Amino acid sequence: MNDSKGTNLHAVKAALKSLKNKTNIYWILGGRSKGENVKTFPEVFNCFPNVKKIFLIGESGKELAKNASLFKTQLNYVVNLEGVFANLKHVNPPATIVLSPGFSSWDQFSSYAERGNLFENLARAFTLG
């Protein structure tokens with residue numbers, strides 16, 4: 001699911017709620033902070049046990065990783081989107097891979113659209129792989 005435009009906690013909450021009936025969810029979270037309090041993210045994710053793993057990317061991913069003990073979900077800091085898909089090699093289908101990062105794309109991309117396009121290309125290659 002490409003929700004690259006989801007660059008705040010409110011958008012992440014909406015995406016989580018829309019997937020409440022899914023299982024085996026792998027979430028991509030992170031980017032450049034716009035002043036968000038990273039300690040509010042664990043509270044939100046801890047209410048959704050269907051997220052199996054959270055991949056942290058970008059600048060805010062480092063900050064989120066420092067608060068790993070606050071998350072009930074397993075975290076993996078991988079720097080970028082390519083690192084996410086390299087770590088998904090052993091995922092059993094059906095799985096839902098979600099890019100709803102909660103932060104802007106400006107640390108690694110010129111726009112959320114560029115980030116979303118890369119995610120879609122990597123996801124397509126992953127599913128055909």
Side-chain angles (χ1 to χ4, degrees):
M1 178 176 130
N2 178 7
D3 184 28
S4 182
K5 195 173 181 177
T7 60
N8 59 52
L9 186 59
H10 179 73
V12 169
K13 285 181 188 178
L16 280 162
K17 287 179 183 177
S18 75
L19 297 169
K20 67 182 176 197
N21 295 323
K22 294 275 187 181
T23 58
N24 209 25
I25 296 173
Y26 295 83
W27 204 276
I28 303 167
L29 183 65
R32 176 164 289 161
S33 177
K34 299 178 286 183
E36 300 87 355
N37 180 355
V38 296
K39 291 185 178 180
T40 59
F41 282 82
E43 296 169 10
V44 171
F45 276 94
N46 290 344
C47 295
F48 292 89
N50 53 347
V51 177
K52 186 168 186 170
K53 190 173 203 176
I54 300 171
F55 289 97
L56 303 173
I57 62 171
E59 294 170 2
S60 63
K62 292 177 189 176
E63 290 301 312
L64 288 161
K66 290 178 185 176
N67 294 290
S69 64
L70 301 176
F71 284 89
K72 292 179 182 175
T73 305
Q74 181 184 5
L75 302 180
N76 189 2
Y77 178 71
V78 293
V79 181
N80 57 32
L81 290 174
E82 292 87 351
V84 171
F85 284 91
N87 279 274
L88 286 170
K89 291 178 183 174
H90 304 292
V91 168
N92 294 323
T96 302
I97 304 166
V98 180
L99 171 62
S100 186
F103 298 88
S104 80
S105 59
W106 299 325
D107 60 336
Q108 297 180 7
F109 301 94
S110 62
S111 69
Y112 74 86
E114 181 185 3
R115 175 174 61 189
N117 288 337
L118 177 60
F119 170 79
E120 288 179 1
N121 290 336
L122 292 167
R124 194 173 299 112
F126 177 76
T127 56
L128 297 175

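Here the structure is a predicted model, which means the values were calculated and not measured.
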- Task: Take atom NZ of K53 as the centre, draw a 6.0 Å sphere, and report whether it contains more than 12 heavy atoms from other residues, nucleotides or ligands.
- Result: yes
- Flag the pair Y77 / V79 as yes when at least one side-chain heavy-atom distance between them is below 4.5 Å, and no otherwise. yes
- Query: Is there a donor-acceptor pair under 3.5 Å between the side chain of K52 and the backbone N or O of A95?
  - Reply: no
- Task: Could you tell me whether the side chain of V44 reaches within less than 4.5 Å of the side chain of L16, counting heavy atoms only?
- Result: yes
- Message: Using modelled atom types and a 3.5 Å cut-off, is there a donor and acceptor pairing between side-chain atoms of N46 and backbone atoms of L70?
- Response: yes
- Message: Is it true that S111 and E114 share a donor-acceptor pair across their side chains at a distance under 3.5 Å?
- Response: no
- With the side chain counted from C-beta on, respond yes when L19 and M1 share a heavy-atom pair under 4.5 Å apart, and no when they do not. yes
- Message: Can you tell me how far apart CD1 (I28) and CD1 (I54) are? Round to the nearest 0.5 Å.
- Response: 11.5 Å
- Query: To the nearest 0.5 Å, what is the distance between NZ (K34) and OG1 (T7)?
  - Reply: 3.0 Å
- Item | Test item: N50 side-chain N/O and I25 main-chain N/O as donor-acceptor pair under 3.5 Å | no
- With side chains defined as the heavy atoms from C-beta onward, is the minimum distance between L81 and R115 less than 4.5 Å? yes
- Message: Test your reading of the model: is there a side-chain donor-acceptor pair from S105 to the backbone of Y112, 3.5 Å cut-off?
- Response: yes
- Note on the structure: Between F41 and the options F71, F103, W27, F48, the ring pair (Phe, Tyr, Trp, His ring centres under 6.0 Å) test singles out F103
- Item | Approximate separation, where rounding is to 0.5 Å, of R124 CZ and F119 CZ | 10.5 Å
